Amino acid sequence: QVQLVESGGGSVQAGGSLRLSCAPSARSEGIRGYTMGWFRQAPGKEREFVAAIHWNGASTEYADSVKGRFTVSRDDAQNTVSLRMNELNSADTALYYCGRGSYGTGWSSRNNIGSYDYWGPGTQVTVSS
(Lines give C-alpha, C1' and ligand atoms only; values in the text may rest on other atoms or scores of the structure.)
Protein backbone atom coordinates (compact mmCIF):
# COMPACT_ATOMS: atom_id res chain seq x y z
CA GLN A 1 0.00 0.00 0.00
CA VAL A 2 1.31 3.40 -1.01
CA GLN A 3 1.14 5.96 1.77
CA LEU A 4 1.34 9.68 1.20
CA VAL A 5 2.14 12.36 3.75
CA GLU A 6 0.96 15.96 3.58
CA SER A 7 2.70 18.81 5.34
CA GLY A 8 2.55 22.57 5.59
CA GLY A 9 -0.86 23.06 7.14
CA GLY A 10 -1.45 25.55 9.88
CA SER A 11 -3.48 28.47 11.10
CA VAL A 12 -3.45 31.78 9.26
CA GLN A 13 -5.50 34.94 9.10
CA ALA A 14 -7.67 35.74 6.13
CA GLY A 15 -5.61 37.01 3.24
CA GLY A 16 -2.60 34.96 4.22
CA SER A 17 -0.82 32.19 2.37
CA LEU A 18 0.29 28.63 2.96
CA ARG A 19 2.18 26.10 0.92
CA LEU A 20 1.27 22.45 1.27
CA SER A 21 3.51 19.59 0.20
CA CYS A 22 2.88 15.92 -0.39
CA ALA A 23 5.28 13.04 -0.73
CA PRO A 24 5.24 9.26 -0.38
CA SER A 25 6.13 8.08 3.08
CA ALA A 26 8.35 5.36 1.67
CA ARG A 27 11.40 6.18 -0.40
CA SER A 28 10.65 3.22 -2.66
CA GLU A 29 7.37 4.78 -3.82
CA GLY A 30 7.02 7.67 -6.20
CA ILE A 31 4.68 10.08 -7.94
CA ARG A 32 6.37 10.09 -11.32
CA GLY A 33 3.91 9.07 -14.00
CA TYR A 34 0.80 9.65 -11.89
CA THR A 35 -1.82 12.35 -11.88
CA MET A 36 -1.75 13.98 -8.46
CA GLY A 37 -4.70 15.67 -6.82
CA TRP A 38 -5.62 17.77 -3.83
CA PHE A 39 -8.97 17.45 -2.09
CA ARG A 40 -10.31 19.00 1.07
CA GLN A 41 -13.02 18.27 3.58
CA ALA A 42 -14.59 20.79 5.90
CA PRO A 43 -16.53 19.75 9.02
CA GLY A 44 -19.93 18.40 8.06
CA LYS A 45 -19.12 18.54 4.36
CA GLU A 46 -18.23 16.05 1.67
CA ARG A 47 -14.68 15.76 0.50
CA GLU A 48 -14.34 18.08 -2.48
CA PHE A 49 -11.93 18.50 -5.33
CA VAL A 50 -9.42 21.34 -5.08
CA ALA A 51 -6.74 20.90 -7.72
CA ALA A 52 -4.97 18.34 -9.86
CA ILE A 53 -1.91 18.16 -12.04
CA HIS A 54 -1.37 15.88 -14.98
CA TRP A 55 1.21 13.14 -14.68
CA ASN A 56 3.61 15.04 -16.92
CA GLY A 57 2.74 18.46 -15.53
CA ALA A 58 1.35 19.66 -18.84
CA SER A 59 -2.11 20.45 -17.48
CA THR A 60 -3.68 21.58 -14.25
CA GLU A 61 -7.24 21.86 -13.05
CA TYR A 62 -8.76 23.86 -10.22
CA ALA A 63 -12.08 24.07 -8.49
CA ASP A 64 -13.85 27.32 -9.23
CA SER A 65 -13.65 28.29 -5.58
CA VAL A 66 -9.84 28.35 -5.62
CA LYS A 67 -9.07 29.26 -9.22
CA GLY A 68 -6.71 32.20 -9.40
CA ARG A 69 -5.64 31.81 -5.78
CA PHE A 70 -4.17 28.31 -5.61
CA THR A 71 -1.36 26.84 -7.69
CA VAL A 72 -0.55 23.15 -7.90
CA SER A 73 2.88 22.05 -9.02
CA ARG A 74 5.03 18.96 -9.04
CA ASP A 75 8.69 18.15 -8.83
CA ASP A 76 9.17 14.56 -9.86
CA ALA A 77 12.90 14.74 -9.21
CA GLN A 78 12.13 15.60 -5.58
CA ASN A 79 9.15 13.24 -5.57
CA THR A 80 6.79 15.90 -4.28
CA VAL A 81 3.64 17.73 -5.28
CA SER A 82 2.79 21.12 -3.82
CA LEU A 83 -0.20 23.38 -3.43
CA ARG A 84 0.48 27.06 -2.94
CA MET A 85 -2.54 28.78 -1.47
CA ASN A 86 -2.85 32.55 -1.58
CA GLU A 87 -5.56 34.95 -0.47
CA LEU A 88 -6.94 32.43 1.96
CA ASN A 89 -10.37 32.99 3.42
CA SER A 90 -12.51 31.26 6.01
CA ALA A 91 -14.15 29.06 3.37
CA ASP A 92 -10.76 27.45 2.79
CA THR A 93 -10.71 26.01 6.30
CA ALA A 94 -10.59 22.24 5.90
CA LEU A 95 -8.50 19.13 6.15
CA TYR A 96 -6.48 18.95 2.95
CA TYR A 97 -5.68 15.59 1.39
CA CYS A 98 -3.21 14.62 -1.27
CA GLY A 99 -4.09 11.75 -3.58
CA ARG A 100 -2.24 9.74 -6.19
CA GLY A 101 -4.27 8.82 -9.24
CA SER A 102 -4.71 5.22 -10.16
CA TYR A 103 -2.43 3.99 -12.88
CA GLY A 104 -5.10 3.75 -15.57
CA THR A 105 -7.11 6.85 -14.69
CA GLY A 106 -7.66 9.25 -17.54
CA TRP A 107 -7.06 12.95 -17.15
CA SER A 108 -10.75 13.59 -17.79
CA SER A 109 -11.53 11.98 -14.42
CA ARG A 110 -9.08 14.14 -12.47
CA ASN A 111 -11.77 15.81 -10.36
CA ASN A 112 -13.38 12.56 -9.24
CA ILE A 113 -12.40 11.20 -5.85
CA GLY A 114 -12.77 7.67 -7.19
CA SER A 115 -9.88 8.26 -9.59
CA TYR A 116 -7.38 8.29 -6.71
CA ASP A 117 -6.27 5.12 -4.99
CA TYR A 118 -3.85 6.38 -2.36
CA TRP A 119 -4.13 9.22 0.13
CA GLY A 120 -2.31 10.88 2.94
CA PRO A 121 -3.82 11.41 6.39
CA GLY A 122 -4.45 15.07 5.63
CA THR A 123 -3.09 18.34 6.94
CA GLN A 124 -5.31 20.88 8.65
CA VAL A 125 -5.68 24.40 7.29
CA THR A 126 -7.51 26.88 9.47
CA VAL A 127 -8.21 30.41 8.30
CA SER A 128 -9.51 32.97 10.76
CA SER A 129 -11.83 35.71 9.60
Side-chain angles (χ1 to χ4, degrees):
Q1 291 288 309
V2 176
Q3 296 183 16
L4 304 175
V5 179
E6 304 94 342
S7 62
S11 181
V12 299
Q13 293 186 347
S17 299
L18 285 173
R19 184 179 178 88
L20 308 183
S21 296
C22 170
S25 60
R27 188 174 298 176
S28 60
E29 302 294 342
I31 67 168
R32 189 186 303 274
Y34 295 93
T35 290
M36 300 296 294
W38 287 95
F39 289 72
R40 67 187 182 186
Q41 187 167 21
K45 300 291 186 66
E46 300 284 340
R47 186 177 300 192
E48 66 176 2
F49 171 76
V50 176
I53 185 166
H54 192 267
W55 68 267
N56 65 3
S59 300
T60 57
E61 177 68 23
Y62 300 93
D64 289 341
S65 59
V66 307
K67 195 172 300 181
R69 299 187 297 118
F70 290 13
T71 302
V72 62
S73 61
R74 66 189 301 146
D75 188 339
D76 290 348
Q78 296 297 317
N79 207 27
T80 60
V81 60
S82 299
L83 184 69
R84 172 163 288 184
M85 306 182 295
N86 296 325
E87 302 176 48
L88 288 163
N89 57 65
S90 59
D92 296 317
T93 294
L95 190 64
Y96 283 71
Y97 296 93
C98 171
R100 194 182 83 171
S102 61
Y103 190 78
T105 298
W107 177 240
S108 62
S109 300
R110 60 196 177 275
N111 61 344
N112 295 324
I113 191 170
S115 298
Y116 300 84
D117 287 342
Y118 301 101
W119 302 88
T123 184
Q124 180 67 39
V125 172
T126 302
V127 184
S128 60
S129 301

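No experiment lies behind these values; they were computed from the predicted model shown.
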* Check the hydrophobic clustering (I, L, V, M, F, W, Y; side-chain heavy atoms under 4.5 Å; chains of links allowed) and say if V72 and L88 are grouped together. =>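 V72 and L88: one cluster.
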* Common cluster, V66/I53, ILVMFWY with side-chain heavy-atom separation under 4.5 Å ->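 Per the 4.5 Å side-chain linkage, V66 and I53 are co-clustered.
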Which pairs, with at least one residue in [range] and sequence neighbours excluded, count as a disulfide (SG to SG under 2.5 Å)?
range          : value
residues 34-81 : none
residues 28-76 : none
residues 49-89 : none

Just distance, no hydrogens or angles: give the donor-acceptor pairs under 3.5 Å from side chains in residues 15-22, sequence neighbours left out.
residue : atom : partner : partner atom : Å
S17     : OG   : N86     : OD1          : 2.9
R19     : NH2  : S82     : OG           : 3.4

* Which pairs with one or both residues in residues 54-76 pass ring pair (Phe, Tyr, Trp, His ring centres under 6.0 Å), sequence neighbours excluded? ->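 Every pair satisfying ring pair (Phe, Tyr, Trp, His ring centres under 6.0 Å) with a residue in residues 54-76: H54-W107.
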Which residues pass the side-chain contact (heavy atoms from CB on, under 4.5 Å) test with [X], not counting sequence neighbours?
X    : result
Q78  : D75, T80
S109 : T105, N112, S115
E87  : R69

* Output the rest of the hydrophobic cluster of V5: all Ile, Leu, Val, Met, Phe, Trp and Tyr residues reachable through side-chain heavy-atom contacts under 4.5 Å, sorted by chain and number. =>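 None; V5 is a cluster of one.
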Taking distance alone, no hydrogens or angles, what donor-acceptor pairs closer than 3.5 Å link side-chain atoms of residues 36-46 to residues at least two apart or in another chain?
residue : atom : partner : partner atom : Å
R40     : NE   : E48     : OE2          : 2.7
R40     : NH1  : D92     : OD1          : 2.9
R40     : NH1  : Y96     : OH           : 2.8
R40     : NH2  : E48     : OE2          : 3.3
R40     : NH2  : S65     : OG           : 3.4
Q41     : NE2  : K45     : O            : 3.0

* Which residues pass the salt bridge (charged side-chain N to carboxylate O under 4.0 Å, His left out) test with D76, sequence neighbours left out? ->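 Residues passing salt bridge (charged side-chain N to carboxylate O under 4.0 Å, His left out) with D76: R74.
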* **Audit row: V81, Y34, side-chain contact (heavy atoms from CB on, under 4.5 Å) steps and yes/no** => CA-CA 11 Å; V81 60; Y34 295 93; over 6 Å; no
* Asked: Tell me, which pairs form a salt bridge (Lys or Arg N to Asp or Glu O under 4.0 Å) where one or both residues lie in residues 109-126, sequence neighbours left out?
  ->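 Of all non-adjacent pairs touching residues 109-126, those that pass salt bridge (Lys or Arg N to Asp or Glu O under 4.0 Å) are E61-R110.
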* Drop me the distance from Y116's OH to R47's CZ, to the nearest 0.5 angstrom. =>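 Result: 12.0 Å between the selected atoms.
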